[in-house]
K.L.:
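Below are the structure tokens for one structure; questions will follow.
Bear in mind that the values here come from a model prediction, so they are computed numbers and not experimental data.
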Amino acid sequence: MPTAFLSGLYMSEHHQRLQHEAESAIDQCLAPLVAQLEERGPHTDYAVRRVLSETGWLGVLIGSDWDGMDEGHVAKTALLAAVSRVSGAAGAILQASILGTAPIAEYGSTEMRRTWLPEIAAGRIWPTIATTEPTTGSHILAMETTARRKKNGYVLDGEKDFVGNADIGDVHCVIARTGEPLESKSLTAFLVEKGTPGLEVVHRPLNGLYGFSVDGLRLRGVYVPDANVIGEVGDGLAVAMLSSVVYGRLNLAAVALGIHRHILDTTRQWVSTRPRNQGHLSDLETVRNRVAEMQHRLMNAELAAHHAAYLLDKGQPCDAWLFNSKLTNHRFGIASGEDAKQLHGGHAGRVGNPCEQLRRDIDLINAPAGPDDLQLKRLAETVLGPNRTEWSAQYAARRRG
């Protein structure tokens, strides 16, 4: 369970009921799959998709007009953390397609939302977002994927990397260049359906989060009709940034939070049952101090994630809190993983030991939506300038509109 203060401060009775129901469903339907995820190593897991599809959680942020849960970011954070506490891979799978929903929900035309959002909310369609490229990384305006005009649409050519759920995705939001390189209005977002001629998934396995597909997409002469342009031509940077900042940072903070809770759970059980000097490891002051440090970090990580979610739900500008939520949850999760390693001793290096798996998984939360150094860069800009677009403010304005 989360630290008690969250219930009174950020989580209403409704949120708590939703969380309890989610935990029950996770224990019953998801937990039995966890062992096989790890045993199979790097792979794309479809069983987790089937289980999560039936929960309706993919539509946690989709409005009720489109058959979604319309629960908000506090609820989303609680759900993702609960799933990730049992399986970081399952949490990553769920968050990646919640993120992939953002371009359609925030920038899609009425017809596009009518077509796709009810299907996503029902778990029948899983979207992705494809922005990052192999050579340009997070330098979005330097991307090389192009979209050239042809008849009543565009032809896309290029390659994307680190696409969460690439292999299970049914529809991909692909950001491509329609203007001159490095210009702010040079990018456009396109909806590319699975099976479109010229679209290929390029498998690039990870060393953790087994079952989660984080692969590449290769586009060779992929034709996309005008109806599949997301927003307006030139909106691509805004689509990518609002999705990454408002949805992505907090999604990943929530996954890291769930893994962090699992790290502490595993360590508490280990030190409380491991014999030592006619007692247990937990009797030693040095061990207790390390566990206390882990609890300290976890409490602060919970606060960072839920405070950012609360501000988003209240319509407050909070980009800095979103950057902070990912930075804090990743850094503190890594530090607690190191403490867990020290307390497990040599056992932490054995394949199959939960500590070994959890440390691999938490490490993979670093790069998506920018590594720690990028979060620090953005936080420095909030103090020292230059001033940047406050994407959470734009998100709130779109909600009011």
Side-chain angles (χ1 to χ4, degrees), residues 53 56-73 76 94-131 140 145 147 149 152-154 156 160 163-166 168-178 185-196 199 217 219 222-248 250-251 312 315 389 391-401:
S53 291
W57 298 339
L58 198 55
V60 64
L61 297 180
I62 294 176
S64 56
D65 288 349
W66 312 110
D67 301 334
M69 294 175 66
D70 201 14
E71 290 287 355
H73 292 273
K76 177 199 70 174
L94 180 57
Q95 74 79 28
S97 281
I98 291 175
L99 171 62
T101 303
I104 302 170
E106 302 300 330
Y107 285 89
S109 65
T110 300
E111 183 59 32
M112 183 179 288
R113 284 179 283 163
R114 181 183 297 116
T115 299
W116 296 106
L117 292 183
E119 294 295 298
I120 295 169
R124 291 186 288 267
I125 294 292
W126 282 61
T128 80
I129 184 168
T131 302
I140 298 175
T145 298
R149 189 77 177 143
N152 298 315
Y154 291 81
L156 277 58
K160 297 295 181 178
V163 181
N165 290 343
I168 68 170
D170 301 294
V171 61
H172 310 282
C173 169
V174 178
I175 311 297
R177 184 160 55 80
T178 49
K185 299 292 287 184
S186 63
L187 306 179
T188 302
F190 301 89
L191 214 54
V192 181
E193 297 180 47
K194 179 180 180 179
T196 301
L199 177 67
L217 289 177
L219 302 103
V222 173
Y223 177 76
V224 180
D226 284 336
N228 283 30
V229 173
I230 304 174
E232 302 293 335
V233 173
D235 282 348
L237 179 64
V239 172
M241 290 303 297
L242 186 143
S243 301
S244 176
V245 174
V246 174
Y247 284 64
L250 191 53
N251 281 11
L312 264 183
T389 301
W391 295 106
S392 52
Q394 291 208 7
Y395 171 78
R398 297 179 74 86
R399 281 291 181 272
R400 289 192 297 270

K.L.:
Any side-chain donor-acceptor pair under 3.5 Å between Thr101 and Trp116?
P.N.:
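Their side chains do not contain a donor-acceptor pair, so the 3.5 Å distance test is not met.
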K.L.:
Decide yes or no for Val192 and Leu156: does some side-chain heavy atom of the first lie under 4.5 Å from some side-chain heavy atom of the second?
P.N.:
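Answer yes - side chains close enough.
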K.L.:
Under the rule for side-chain hydrogen bond (donor to acceptor under 3.5 Å, both in side chains), what residues qualify as partners of Thr128, not counting sequence neighbours?
P.N.:
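Here the qualifying residues are His172.
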K.L.:
Using the test side-chain hydrogen bond (donor to acceptor under 3.5 Å, both in side chains), find all partners of Ser97 that sit at least two apart in sequence or belong to another chain.
P.N.:
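Ser97 satisfies side-chain hydrogen bond (donor to acceptor under 3.5 Å, both in side chains) with Asn165 only.
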K.L.:
Compare all side-chain heavy atoms of Pro127 with those of Ile120 and state whether any distance is below 4.5 angstrom.
P.N.:
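Touching, per the 4.5 Å side-chain cut-off.
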K.L.:
For Tyr154 together with Tyr223, are the ring centres under 6.0 Å from each other?
P.N.:
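Judged by ring-centre distance (under 6.0 Å), Tyr223 and Tyr154 do not meet the cut-off.
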K.L.:
Residues two or more places apart in sequence or in another chain: which of them pass salt bridge (charged side-chain N to carboxylate O under 4.0 Å, His left out) with Lys160?
P.N.:
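Partners of Lys160 by the salt bridge (charged side-chain N to carboxylate O under 4.0 Å, His left out) criterion, ordered by chain and then number, come out as Glu133.
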K.L.:
Within a strict 4.5 Å, meaning less than it, do heavy atoms of the Val174 and Leu219 side chains meet?
P.N.:
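Counting from C-beta outward, Val174 and Leu219 do come under 4.5 Å.
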K.L.:
Does a side-chain heavy-atom distance below 4.5 Å link Met112 with Leu117?
P.N.:
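They are not in contact (no side-chain heavy atoms under 4.5 Å apart), so the answer is no.
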K.L.:
Pairs of donor and acceptor atoms involving the side chains of residues 57-69, under 3.5 Å and at least two apart or interchain, shall be tabulated with distances.
P.N.:
none

K.L.:
Taking ring pair (Phe, Tyr, Trp, His ring centres under 6.0 Å) as the definition, give me every residue that meets it alongside His73, ordered by chain and number, with sequence neighbours left out.
P.N.:
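Per chain and number, His73 pairs via ring pair (Phe, Tyr, Trp, His ring centres under 6.0 Å) with Tyr247, Tyr395.
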K.L.:
Does any part of the side chain of Tyr107, heavy atoms only, come nearer than 4.5 Å to the side chain of Ser243, both counted from C-beta?
P.N.:
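Heavy-atom side-chain distance check fails, nothing below 4.5 Å.
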K.L.:
Do Leu242 and Arg398 have side chains that get closer than 4.5 Å, going by heavy atoms?
P.N.:
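A side-chain contact exists here, since the closest heavy-atom pair is under 4.5 Å.
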K.L.:
Taking the side chain as C-beta and beyond, is there a heavy-atom pair between Thr389 and Met241 under 4.5 Å?
P.N.:
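No, their side chains stay 4.5 Å or more apart.
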K.L.:
For Glu106, which residues count as a salt bridge (charged side-chain N to carboxylate O under 4.0 Å, His left out) partner, sequence neighbours excluded?
P.N.:
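Testing Glu106 for salt bridge (charged side-chain N to carboxylate O under 4.0 Å, His left out), a comparison that skips the adjacent residues, returns Arg399.
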